[in-house]
Number of protein chains: 2
Amino acid sequence: MAKLPPKTVERISQYRRVLAKYQTLSEPFIFSHDLASLLHLNPVQVRRDLMLLGTTGNYRNGYKVTELLKSIDETLTIPKSTQATIIGMGRLGESLLKHIGSSPVCPVMINSTFDINPKRINTTIRGIPCYDMTHAPEIIKEQKIKIAILTLYTEDIQAIIDILIDAGIEGFINYMAGPIKIPKGIYLKEYDIRTTLEEMSYNIHN
Amino acid sequence: MAKLPPKTVERISQYRRVLAKYQTLSEPFIFSHDLASLLHLNPVQVRRDLMLLGTTGNYRNGYKVTELLKSIDETLTIPKSTQATIIGMGRLGESLLKHIGSSPVCPVMINSTFDINPKRINTTIRGIPCYDMTHAPEIIKEQKIKIAILTLYTEDIQAIIDILIDAGIEGFINYMAGPIKIPKGIYLKEYDIRTTLEEMSYNIHN
DNA sequence: ATGAACTTGTTAATTGATTAACAAAAAATA
DNA sequence: TATTTTTTGTTAATCAATTAACAAGTTCAT
Ligand SMILES: NC(=O)c1ccc[n+]([C@@H]2O[C@H](COP(=O)([O-])OP(=O)(O)OC[C@H]3O[C@@H](n4cnc5c(N)ncnc54)[C@H](O)[C@@H]3O)[C@@H](O)[C@H]2O)c1
Ligand SMILES: NC(=O)c1ccc[n+]([C@@H]2O[C@H](COP(=O)([O-])OP(=O)(O)OC[C@H]3O[C@@H](n4cnc5c(N)ncnc54)[C@H](O)[C@@H]3O)[C@@H](O)[C@H]2O)c1
């Protein structure tokens with residue numbers, strides 16, 4: 001299938017989680033406007049996304065939930081699942097790990113995390129071990145981990161990023177502050193709550 | 001000044017943090033392409049944003065950092081500062097509070113947080129107290145808090161949102177999973193790391 | 001049956017965001 | 001002094017995302 005627009009991919013991921021919950025109500029069908037309102041979207045946008053996804057609905061009942069979920073799974077879970085890891089198992093890392101683990105279906109698997117704190121190393125959370133950061137390169141290579149979530153607190157993040165890229169990481173989700181350098185072809189996503197706060201403050205007052 | 005486009009506001013917030021750090025290098029000027037590369041942006045975009053912001057650079061040296069920062073402050077910090085609060089001081093709430101507190105300049109102030117856990121209530125973090133959630137409405141009204149960061153874990157989030165809106169909250173930054181309802185005119189921003197993971201996985205494999 | 005009331009699926013139009021293009025200014029170089 | 005280099009500021013062009021418009025299918029009520 002043709003490559004989907006980034007915003008569509010983002011929403012499709014959200015559809016899946018909402019639908020998984022909706023399914024527990026044993027409602028076999030859903031209308032585009034219902035799915036839209038659950039996510040504060042426009043119904044046309046939902047239908048357009050689903051068209052791009054290749055699913056088709058029903059004039060009377062809307063979309064069949066099981067079919068929709070199947071179709072989303074096929075699109076997002078290719079190939080099988082991507083391996084991700086969390087670097088820095090402090091408060092944020094632990095919260096994220098538990099949050100991700102709460103997902104019933106997810107095309108991204110976390111099987112290992114890393115830290116430098118001896119109190120953390122060799123402990124497990126929900127069965128997922130925390131390894132010594134010095135072993136990160138070999139474990140990342142061995143497990144073919146492709147995504148690194150950066151939730152550590154350190155002065156020299158750049159050195160760590162370079163090592164991780166060398167070990168095979170192709171995408172970073174970075175929660176640390178401060179500019180970092182990454183070569184072309186490596187994906188990077190950063191969110192800082194301070195930006196969100198400032199944006200919202202601006203909106204409220206303007 | 002005219003209302004800035006949302007994406008420009010977002011970037012301006014990032015410029016400020018990067019510039020605050022850059023300033024410590026005692027470099028009085030910065031070029032658009034340097035600021036751009038620190039944030040993985042296009043130099044033209046930076047110049048365009050700064051044009052919209054109303055600042056002006058210098059043909060030889062680029063932009064004067066102190067002037068830039070002053071201009072950003074005036075745009076983002078209106079009026080003075082918005083009050084925000086964190087609902088749910090678990091792992092995530094605590095991490096966020098410390099992270100926000102690490103900002104030298106921020107137009108958003110957090111002076112109170114809330115929880116239901118007796119072990120949390122009446123403790124302080126970096127001098128910021130955690131109050132009993134049952135007192136939230138009165139304190140929010142009294143302190144004119146406008147933004148609520150939702151980092152709690154509960155089954156009935158909707159009831160809490162309704163109470164908070166009633167108390168005067170105009171914007172939510174929600175980390176909880178699951179669809180919520182908010183009336184028109186209330187701002188809402190949600191990020192779920194699972195969506196980011198799935199997006200990135202899709203990008204890596206397509 | 002006929003039309004009213006829904007809905008989906010899709011193309012077209014609009015809006016928003018990014019990038020390209022280039023004139024104008026200033027200094028450095030030849 | 002003329003030319004090259006570099007950078008800003010701004011308009012125009014392009015690209016991306018959203019929304020509008022509407023035909024077509026289906027059921028329900030009359
Ligand atoms: N972007 C955001 O919105 C946001 C929100 C909250 C926190 N943060 C940031 O996230 C980071 C973590 O926050 P936290 O509250 O979990 O901090 P924390 O101090 O609780 O945890 C940091 C962890 O990183 C580990 N660590 C340090 N150096 C390491 C290394 N070289 N390799 C591996 N692990 C290492 C520490 O041992 C610790 O366990 C901070 O930098 C914070 O500023 C960002
Ligand atoms: N969106 C994301 O990317 C993301 C990432 C991490 C965590 N999360 C979510 O954030 C939430 C918090 O995660 P955490 O790791 O901090 O959990 P946690 O269990 O450590 O903290 C939850 C806190 O909320 C408090 N609480 C519960 N009910 C409350 C109420 N009615 N009023 C006020 N406080 C209340 C609890 O006492 C506790 O202190 C969870 O829902 C989690 O799924 C989301």
Side-chain angles (χ1 to χ4, degrees), chain A residues 1-15 19 22 27-68 71-72 75 184 188-189 195 199 202-203 206, chain B residues 1-15 19 22 27-68 71-72 75 184 188-189 195 199 202-203 206:
Chain A
M1 186 174 38
K3 200 167 174 299
L4 299 171
K7 294 280 178 186
T8 295
V9 175
E10 193 178 325
R11 283 189 297 265
I12 283 177
S13 162
Q14 294 167 345
Y15 297 156
L19 287 170
Y22 183 88
E27 278 281 357
F29 289 90
I30 191 166
F31 291 126
S32 61
H33 60 257
D34 288 326
L35 186 47
S37 87
L38 287 170
L39 287 162
H40 311 103
L41 300 171
N42 186 319
V44 181
Q45 199 164 46
V46 170
R47 290 206 298 278
R48 215 175 185 292
D49 287 339
L50 299 185
M51 183 188 92
L52 294 174
L53 185 66
T55 51
T56 176
N58 176 301
Y59 288 113
R60 194 60 203 152
N61 306 302
Y63 299 86
K64 190 163 190 187
V65 177
T66 51
E67 271 180 24
L68 255 182
S71 183
I72 294 174
T75 302
K184 270 207 153 172
L188 171 66
K189 200 97 178 191
T195 291
E199 264 182 273
Y202 182 87
N203 288 331
N206 286 277
Chain B
M1 188 171 41
K3 199 164 174 305
L4 298 171
K7 293 279 177 187
T8 296
V9 173
E10 193 177 325
R11 284 189 296 265
I12 283 178
S13 162
Q14 294 167 345
Y15 296 155
L19 287 169
Y22 183 87
E27 279 281 358
F29 289 91
I30 191 166
F31 292 127
S32 61
H33 59 259
D34 288 328
L35 186 46
S37 87
L38 287 170
L39 288 162
H40 311 104
L41 300 171
N42 186 320
V44 182
Q45 198 163 47
V46 170
R47 291 207 297 279
R48 212 173 188 294
D49 287 341
L50 299 184
M51 182 189 93
L52 293 173
L53 185 66
T55 51
T56 177
N58 177 300
Y59 287 114
R60 194 59 202 156
N61 305 302
Y63 298 85
K64 190 162 191 188
V65 178
T66 51
E67 272 180 24
L68 254 183
S71 184
I72 294 174
T75 301
K184 268 208 156 173
L188 170 67
K189 200 97 175 189
T195 290
E199 263 181 276
Y202 182 86
N203 289 331
N206 286 277

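- Separating the CZ atom of B/R47 from the P atom of C/dA24 is a distance of 16 Å, rounded to the nearest angstrom.
- Using a 4.5 Å cut-off on side-chain heavy atoms (C-beta onward), B/Q14 and A/T195 make contact.
- Along DNA chain D, the nucleotide closest to A/N58 and the one closest to A/D49 are compared, and the more 5′ of them pairs with A/D49.
- Between B/R47 and B/Y63, the shortest heavy-atom distance links the atoms CG-OH, 3.6 Å.
- Counting heavy atoms from C-beta on, the side chains of B/L4 and A/Y202 come closer than 4.5 Å.
- Annotation: side chain of B/L39 is not in contact with side chain of B/R11 (no heavy-atom distance under 4.5 Å).
- The side chain of B/N42 contributes an N or O atom lying less than 4.0 Å from OP1 or OP2 of C/dT19.
- The CG-C1' distance, from A/L52 to D/dA17, rounds to 11 Å in whole Å.
- Regarding B/L53, its CG atom lies at a distance of 13 Å from the P atom of D/dT10, rounded to whole Å.
- At least one side-chain nitrogen or oxygen of A/R11 sits closer than 4.0 Å to the OP1 or OP2 atom of D/dT18.
- A straight line from CG of B/L50 to P of D/dT7 spans 15 Å, rounded to a whole angstrom.
- Counting heavy atoms from C-beta on, the side chains of B/I30 and B/L68 come closer than 4.5 Å.
- When the side-chain nitrogen and oxygen atoms of B/Y63 are compared with OP1 and OP2 of D/dG9, one or more of them lie within a distance under 4.0 Å.
- When the nucleotides D/dT7, C/dT8, D/dT18 are ranked by their closest atom to the side chain of A/Q45, D/dT18 comes out on top.
- Within the 4.0 Å cut-off from OP1 or OP2 of D/dT7, not a single side-chain nitrogen or oxygen of B/S32 is found.
- Taking atom CG on B/L68 and atom P on D/dT8, their separation rounds to 11 Å, with Å as the unit.
- Protein atom CE of A/M51 is 16 Å distant from nucleotide atom P of D/dT19, rounded to whole Å.
- In terms of position along DNA chain C, the nucleotide closest to A/N61 lies nearer the 5' end than the nucleotide closest to the other residue of the pair A/V44 and A/N61.
- The distance between atom CD of A/E10 and atom C1' of D/dA16, rounded to the nearest whole Å, is 14 Å.
- Under 4.0 angstrom from either OP1 or OP2 of D/dT7 there lies no side-chain N or O belonging to B/R60.
- Here B/T56 reaches the OP1 or OP2 of D/dG9: one of its side-chain N or O atoms lies under 4.0 Å away.
- Atoms CG and OG1, on A/L50 and A/T55 in that order, are 4.5 Å from each other to the nearest 0.5 Å.
- Here D/dT7 is the nucleotide among C/dT8, C/dT7, D/dT7 with the atom lying nearest to any side-chain atom of B/F31.
- Across the protein-nucleic acid pair, A/L35 atom CG and C/dT8 atom C1' stand 14 Å apart, rounded to whole Å.
- Here B/P43 lies out of heavy-atom contact (under 4.0 Å) with every strand.
- Listed nucleotides D/dT26, D/dT8, C/dT18 differ in distance to B/Y59; the shortest reach to its side chain belongs to D/dT8.
- For B/R48 and C/dT19, a side-chain-to-base donor-acceptor distance below 3.5 Å is present, hydrogens and geometry of angles not being considered.
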